[in-house]
Amino acid sequence: MYEFRELLNRFWVTKEADKELYFTLRRAAPEYRKFAREQLGWNLIIDEKAIKLEKVPPKAMSWMGIESFMEELDYCLLCALLLFLADLDDGEQFLLSTLTESLETFLREVRPVDWTRFPHRKSLVRVLQYAQEIGLLLVFDGDSGGFGSDQEQEVLYENTGLSRRFPVHFGRDILSCRTVEDFENFEGAEAERGWQRVHRVYRQLVLSPGLYWSAENSSDYEYIKNQRRRVGKTLEDVLGGELQINKNGAYLLFEQNDRSALTYPEGKAITDAVLILCAQLREQIAAGIYPRGNDDLVWISRREFLHEVEQCRSRYGEGWGKALRDLNLDRLCEELTSYMSAWSLLEEQGDSLLLYPAVGKWIGAYPADYQKKNREGRTDEPLEDA
């Protein structure tokens, strides 16, 4: 019933990588195609190789980039790789040396590359590994990672043909767009003729922890308030979630233990830690430790936040995974703060943190026998999402 969730969680679903899910989604397409087009305003592409939902957010957020990419050059190389693959036939093979020569040509006037430089080679390695991961190319012989330490490394690849489906199809000329803001304004101006508000509301609900009210989005508030039954019924039918509307915003929430929900929460150790921390912060706020404003916003100092993280790790840290357990307290706070900020759970303002209402909505708890299992040596248990 909720196959559409898979398309929200994935870049695409290919027949080669997941044949069963591909055909399941293809059969169920009539049930969610209208929702994708009318409520979200997104293109749904279904062909003989892949099914892809072209997700265009209402506003760019830091977490929306490619997680493994570290430099601007990574994205430039990815674009050049797509141009290179577009000129090849499906199934055509090529060597890494041929690719690197072509990338130099494509980027000469935009962002010149020098393969004698280690950072440039590592950037290409990240791009190639990402391309392999999502299925743009296959490795027949060799290892892409070896190029980082040896520019003479040779690898034989095969073009899968999926590169033509990678770019978003805007359906109009985007040559005038130069910045992220240009794309945001361009999208809004084009949609103003009819469905802009509808698309913006639904996109925000399915791609972020919450849609908060503000003077800038008062029209969104009016729409949800007046259409709450229709919006709630639509989201329940397609995604299975429950729409909750409070005085501070609207939230799409899911039943406890439903870990197949949307992009957030993810299945990462740091996400589990954040959900546990949010539960603890909610308890402290409810107890009056940290005063809550009329808009349900809560101010907390960085020192207080560090104290909460320390207490949380002391109680539940054994279930957070080795990487998080090995961090010192200051570094752990930095990681959690950055992650929560990216997910619109809090905002950093100098020496203080502003906690958003979603902190009290997206919470988690370990199973009731968590402490017992820890004593028996079994850690890293999954969360029970609330």
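Just so we're clear, the structure is a prediction, and the values are computed from it rather than from any experiment. Note that these values count all heavy atoms, side chains included, but never hydrogens, waters or copies made by symmetry.
Checked against a 6.0 Å centroid threshold, the rings of Phe147 and Trp115 count as neighbours. Taking the six-membered ring wherever Trp is involved, the centroid distance between the rings of Phe106 and Phe84 does not fall below 6.0 Å.
Of the possible polar contacts, none joining the Glu31 side chain to the Ala28 backbone as a donor-acceptor pair under 3.5 Å is found. Judged by distance alone, with hydrogens and angles left aside, the side-chain atoms of His199 form a donor-acceptor pair with the main-chain N or O of Glu38 at under 3.5 Å. Judged purely by atom type and a 3.5 angstrom limit, Thr160 uses its side chain to pair as donor or acceptor with the backbone of Leu136. A donor-acceptor pair under 3.5 Å links the side-chain atoms of Glu54 to the main chain of His169, judged by distance alone. Not a single donor-acceptor pair under 3.5 Å links the side chain of His120 to the backbone N or O of Val113. Side chain of Arg26 to main chain of Asp47: a donor-acceptor pair is present (N/O by atom type, distance under 3.5 Å, no hydrogens or angles). Using modelled atom types, no side-chain atom of Asp150 and backbone atom of Gly146 make a donor-acceptor pair closer than 3.5 Å. Side chain of Tyr212 to main chain of Ser344: a donor-acceptor pair is present (N/O by atom type, distance under 3.5 Å, no hydrogens or angles). Of the possible polar contacts, one joining the Arg197 side chain to the Ser219 backbone as a donor-acceptor pair under 3.5 Å is found. Put simply, the side chain of Arg282 never gets that close to the backbone of Lys361: no donor and acceptor are under 3.5 Å apart.
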For this session: Assess whether side chain to side chain contact (heavy atoms under 4.5 Å, CB included) is satisfied between Leu235 and Val206, documenting all intermediate values.
Result: CA-CA 9 Å; Leu235 292 172; Val206 302; 4.3 Å; yes
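The environment of CD in Glu154 is crowded: more than 12 heavy-atom neighbours from other residues, nucleotides or ligands sit within 6.0 Å.
Arg5 has its side chain within reach of Leu239: a pair of non-hydrogen atoms, C-beta onward, lies under 4.5 Å apart. Residues Arg10 and Asp18 are in side-chain contact: their nearest non-hydrogen atoms beyond the backbone lie under 4.5 Å apart. Inter-residue side-chain proximity for Tyr202 and Thr234 is flagged as met; some heavy-atom pair is nearer than 4.5 Å.
Inspection of the Gln280 and Gln311 side chains reveals no N or O donor paired with an N or O acceptor under 3.5 Å. Ser352 and Gln349 form no side-chain donor-acceptor contact under 3.5 Å, judged by distance and modelled atom types alone.
Salt bridge status for Glu104 with Arg108: absent, with no side-chain N to carboxylate O gap under 4.0 Å. Between Glu236 and Lys233 there is no salt bridge, since no side-chain nitrogen of the basic residue lies less than 4.0 Å from a carboxylate oxygen of the acidic one.
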